[in-house]
Amino acid sequence: MLEKITGTFSNIIRTLSGKATISEKNIEETVEQIKMALLEADVNLRVVRRFVNSTIEEAKGEKVLKAVDPGQQFVKIIYDKITSMLGDKKTDLSLKGPDTQSVILLLGLQGAGKTTAAHKLAARLLKEGRKPLLAACDLVRPAAVEQLSVLGEKIGVPVYKENGASNAVKVSQNAVSYAKKNGFDTIIVDTAGRLQIDESMMQELVSMKKALNPVETVLVADSMTGQNAVDIAKSFDEQLGLTGVILTKFDSDARGGAALSLRSITGKPILFIGTGEKTEDFEPFHPDRIASRILGMGDVVSLVEKAQQTVDAQEAERMQKKMMRNEFTLQDMLDQLQSVEKMGSMSQILDMMPGLAGQISEDQIDKAGMKHQKAIIQSMTLKERRNHLIIGPARRKRIAKGSGTSVQEVNKLIKQFEKTKLAMKKLTRNRGMQAKLMQQMGGMDMSGLGGMGGMNLPQGFKMPGGFKF
Ligand SMILES: Nc1nc2c(ncn2[C@@H]2O[C@H](COP(=O)(O)OP(=O)(O)O)[C@@H](O)[C@H]2O)c(=O)[nH]1
Ligand SMILES: [Mg+2]
């Protein structure tokens with residue numbers, strides 16, 4: 001996700017952050033570098049020009065040149081500009097209350113990801129307490145109705161379909177009546193796409209929009225197509241009027257050109273991004289978080305949310321209490337290793353870590369090492385896991401043998417454990433923001449995570465939001 005642009009930007013930002021003084025020439029050179037990075041990312045030329053002019057103007061003001069920390073001030077300006085390019089603030093769906101029906105019309109070219117997005121969105125709304133109904137209104141692609149039925153069943157959301165129907169507008173209207181009768185409050189309409197925008201598709205959509213009066217008319221667009229996605233959005237908007245966009249295949253988009261141009265060119269917000277093929281690979285679009293990612297500052301908030309979803313609240317509280325009493329044990333470390341596994345692939349987590357985004361690939365992570373660490377702890381007796389101090393040379397030898405590792409590895413793990421324990425002790429002494437963050441993360445210590453994967457977060461790294469590591 002955004003590897004290429006993040007790689008370029010984090011280099012620029014790193015150079016800038018270290019500077020004690022900044023001259024007008026520095027500003028011009030940096031902006032020139034960013035301009036090249038944006039063009040390489042396939043960002044619309046008009047958007048790039050606007051960025052260049054406004055950034056230079058603002059950065060040359062007193063704020064940067066006379067600041068105590070000019071590098072950081074400049075980074076802040078860049079961060080703000082990128083955030084605003086992405087749309088500034090998260091935009092929510094404007095759904096009506098649950099006692100009436102809200103229609104969400106999904107449209108876009110064939111293969112953009114409409115059907116996939118329809119079910120992901122349905123699953124999300126269901127989780128939020130709404131009663132969604134999926135309407136199978138792609139009658140052009142032979143297997144489209146079946147595809148949606150299978151997905152609907154998987155997530156437990158009913159799919160309205162009519163066998164042998166040929167009028168998609170009628171089917172969509174019937175779906176809404178069905179929803180009204182059966183107490184569904186949100187109807188997600190999956191429509192037919194074409195390889196290119198064509199007249200008959202547009203006609204069908206125009207009639208459907210007229211008939212259904214949807215609260216949201218959402219274009220589903222493939223982010224990998226860059227500028228093309230923006231052109232498509234423009235053309236759909238002119239003919240139909242869009243309320244927003246879902247950008248799919250964001251997981252495979254290294255450049256980010258579509259995301260960075262869409263808002264400025266079309267004025268339409270990006271509502272969600274698709275980040276994979278699975279149901280849960282779907283996130284609301286947060287411009288500020290994506291901007292942090294692009295600038296190589298990571299996405300700590302998303303990381304925390306992801307962890308929150310994985311580690312249940314009780315477990316989090318239990319871990320927090322243990323930390324406060326300095327009772328963190330090897331068993332807890334094992335639990336942590338397991339919850340990291342549950343959180344998903346390491347590369348997804350790394351993408352969100354400040355200073356690491358785009359710099360470490362999954363191949364470089366010592367996955368085997370993590371497996372070994374788990375095996376080592378699993379080879380310990382419960383008594384040993386609870387009190388690492390009793391693990392002398394003989395026990396270490398036994399554990400190494402039992403886990404198929406070496407005594408050196410066992411030693412290393414115990415040392416790492418002691419380091420993590422110490423770090424936690426310090427953290428609990430210095431509460432405030434950090435402890436709160438830890439609590440939110442279910443006791444998952446970032447330095448512990450670093451230790452496990454064999455890496456550490458840059459000390460004192462400042463996030464625009466005020467987080468500090
Ligand atoms: N990697 C990835 N694949 C996606 C995403 N969204 C959809 N796809 C894949 O794109 C292909 C087309 O999706 P589909 O929903 O059938 O497109 P439609 O023709 O617009 O309905 C399928 O193979 C999906 O699995 C995404 O966010 N990430
Ligand atoms: Mg489809």
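Because the structure is a prediction, the values reported are computed rather than measured. Counting convention: from 1, in listed order, for ligands and their atoms alike.
- Taking the six-membered ring where the residue is Trp, Tyr160 and Tyr178 present tilted rings, their angle falling between 30° and 60°.
- Residue contacts with ligand 1 for Lys120 involve side-chain atoms from C-beta outward but no N, CA, C or O (heavy atoms, distance under 4.0 Å).
- Ligand 1 has no atom lying under 4.0 Å from any heavy atom of Gly108.
- Counting only residues at least two apart or on different chains, the side-chain hydrogen bond (donor to acceptor under 3.5 Å, both in side chains) pairs with a member in residues 96-116 are Thr115-Asp190.
- Put simply, part of Thr275 is less than 4.0 Å from ligand 1, judged by heavy atoms.
- Close N/O approach between Gln110 and ligand 1 is not found [any backbone or side-chain N/O within under 3.5 Å].
- Counting only heavy atoms of the protein, atom 25 (O) of ligand 1 lies nearest to Glu277 OE1, 3.0 Å.
- The closest non-hydrogen atom to atom 22 (C) of ligand 1, taken over Asp222, Asp138, Thr116, comes from Thr116.
- The distance criterion of under 3.5 Å between nitrogen or oxygen atoms is not met by Asp281 with respect to ligand 1.
- Counting the atoms of ligand 1 from 1 in the order shown, those under 4.0 Å from a heavy atom of Gln147 are 16 (O).
- Note: no N/O pair closer than 3.5 Å links Phe250 and ligand 1 by distance alone.
- For the Mg ion (ligand 2), protein N/O/S neighbours under 2.8 Å (waters excluded) are Thr115 OG1.
- Ranking protein heavy atoms by distance to atom 17 (O) of ligand 1, first place goes to Gly113 N, 3.0 Å.
- For ligand 1, the atoms sitting less than 4.0 Å from at least one non-hydrogen atom of Leu109 are 20 (O), numbered in the order shown with element in parentheses.
- Atom 26 (C) of ligand 1 has its closest protein heavy atom at Gly276 O, 3.1 Å.
- In this structure, Phe184 has no ring pair (Phe, Tyr, Trp, His ring centres under 6.0 Å) partners at least two apart in sequence or on a different chain.
- Atoms of ligand 1 lying under 4.0 Å from any heavy atom of Gly274, numbered from 1 in the order shown and given with element: 27 (O).
- Heavy-atom proximity to Lys114, at under 4.0 Å, picks out these atoms of ligand 1: 15 (O), 17 (O), 18 (P), 19 (O), 20 (O), 21 (O).
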Output side-chain donor-acceptor pairs under 3.5 Å for residues 145-156, partner residues at least two apart or in another chain, one line each.
from: Ser149; atom 1: OG; to: Val145; atom 2: O; distance (Å): 2.8
from: Ser149; atom 1: OG; to: Lys161; atom 2: NZ; distance (Å): 3.1

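- Set against the non-hydrogen atoms of Asp251, the atoms of ligand 1 under 4.0 Å away are 1 (N), 2 (C), 26 (C), 27 (O), 28 (N).
- Ligand 1 is approached by Gly111 to a heavy-atom distance shorter than 4.0 Å.
- Scanning all protein heavy atoms for the shortest distance to atom 4 (C) of ligand 1 gives Lys249 CG, 3.8 Å.
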